[in-house]
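For the numbers below, each heavy atom of this structure counts, side chains included, while hydrogens, waters and symmetry mates do not.
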Amino acid sequence: QVQLVESGGGLVQPGGSLRLSCAVSGYMFSIYAMGWYRQAPGKQRELVATIETGSTTNYADSVKGRFFISRDNVKNTAYLQMNSLKSEDTAVYYCNGDGRRRGGGNYWGQGTQVTVSS
């Protein structure tokens, strides 16, 4: 019954913004680290940003200063605010929940497409 459901993707012009959401059910959200990953065509999946249970954040160098990850432990939702988008940000974005440190699982959402193009 674990579900991670991403939303908020779409087509945006270079320099624009999008906010992705990841709604979680089926595990104890507050004790899972959350992350966003992305995969562009022909490339490996890469880490974009993570947020720990204590709200410590980490970002890939390519998005630092432009993207911001957050979490709402009441709504059981993680977010990725993406600003100043570039064409190279085009990818399928995946939400991840990782509870292995506490004996839990590692779960993935289905992905949401982000396309940055004129």
Side-chain angles (χ1 to χ4, degrees):
Q1 66 177 347
V2 172
Q3 285 194 308
L4 288 73
V5 180
E6 300 100 330
S7 61
L11 176 64
V12 65
Q13 293 182 325
S17 297
L18 285 174
R19 189 179 76 156
L20 306 184
S21 298
C22 175
V24 173
S25 61
Y27 68 71
M28 192 175 295
F29 180 84
S30 63
I31 63 168
Y32 273 63
M34 300 299 299
W36 289 94
Y37 295 72
R38 68 187 182 187
Q39 188 166 25
K43 298 182 179 178
Q44 292 183 263
R45 187 174 296 189
E46 64 176 350
L47 186 147
V48 176
T50 60
I51 183 165
E52 301 297 323
T53 58
S55 294
T56 300
T57 57
N58 183 60
Y59 298 93
D61 287 343
S62 60
V63 308
K64 200 168 296 181
R66 299 189 297 122
F67 290 12
F68 301 92
I69 189 170
S70 61
R71 64 189 296 155
D72 186 330
N73 287 350
V74 175
K75 295 183 177 180
N76 288 0
T77 301
Y79 303 94
L80 185 68
Q81 178 67 45
M82 305 185 293
N83 301 318
S84 301
L85 283 159
K86 306 173 181 179
S87 59
E88 50 262 49
D89 295 317
T90 296
V92 177
Y93 283 71
Y94 296 92
C95 181
N96 171 258
D98 191 346
R100 289 174 291 181
R101 191 168 167 174
R102 296 201 194 221
N106 186 230
Y107 303 107
W108 294 91
Q110 82 288 351
T112 186
Q113 177 71 47
V114 172
T115 302
V116 185
S117 177
S118 298

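In summary, of the residues considered (Val74, Asn73, Asp72), a side-chain contact (heavy atoms from CB on, under 4.5 Å) with Phe29 occurs for Asn73 alone. Shown are Cys95, Ser70, Ser21; of these, the side-chain contact (heavy atoms from CB on, under 4.5 Å) with Thr77 is made only by Ser21.
How far CD of Gln39 is from CD of Gln44: 8.5 Å, rounded to the nearest 0.5 Å.
Tracing side-chain contacts under 4.5 Å through hydrophobic residues (I, L, V, M, F, W, Y), one never reaches Tyr37 starting from Val116; they form parts of separate clusters. If you chain together hydrophobic residues whose side chains sit under 4.5 Å apart, Leu47 and Trp108 fall into the same group. Hydrophobic cluster membership is shared by Trp36 and Phe67, with clusters built from Ile, Leu, Val, Met, Phe, Trp and Tyr side chains linked at under 4.5 angstrom. Using a 4.5 Å cut-off between side-chain heavy atoms of Ile, Leu, Val, Met, Phe, Trp and Tyr, with links allowed through other members, Met28 and Val2 fall into the same hydrophobic cluster. Note on Tyr93: it clusters hydrophobically with Phe68, by side-chain heavy-atom contacts below 4.5 Å among ILVMFWY residues.
Here the side chains of Val24 and Met34 are in contact, with some heavy-atom distance below 4.5 Å. In this structure the side chain of Ser7 never reaches within 4.5 angstrom of the side chain of Thr112, judged on heavy atoms. At least one side-chain heavy atom of Tyr107 sits under 4.5 Å from a side-chain heavy atom of Tyr32.
By the neighbour-count criterion of 12 heavy atoms within 6.0 Å, atom CD of Gln113 is densely surrounded, having more than that number from other residues, nucleotides or ligands.
Judged by distance alone, with hydrogens and angles left aside, the side-chain atoms of Glu6 form a donor-acceptor pair with the main-chain N or O of Gln110 at under 3.5 Å.
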Listed pairs under 3.5 Å, donor-acceptor, residues 50-61 side chains, sequence neighbours left out:
from: Tyr59; atom 1: OH; to: Ile69; atom 2: N; distance (Å): 2.9
from: Asp61; atom 1: OD1; to: Lys64; atom 2: NZ; distance (Å): 3.2

Which side-chain N or O atoms in residues 79-88 pair as donor and acceptor under 3.5 Å with protein atoms at least two apart or in another chain?
from: Gln81; atom 1: NE2; to: Asn83; atom 2: OD1; distance (Å): 3.0
from: Asn83; atom 1: OD1; to: Ser17; atom 2: OG; distance (Å): 2.9

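In plain terms, the two heavy atoms of Cys22 and Leu4 that are nearest each other are SG-CB, 4.0 Å. Of all non-hydrogen atoms in Ser118 and Pro14, the two that sit nearest each other are OG-CD, 3.6 Å.
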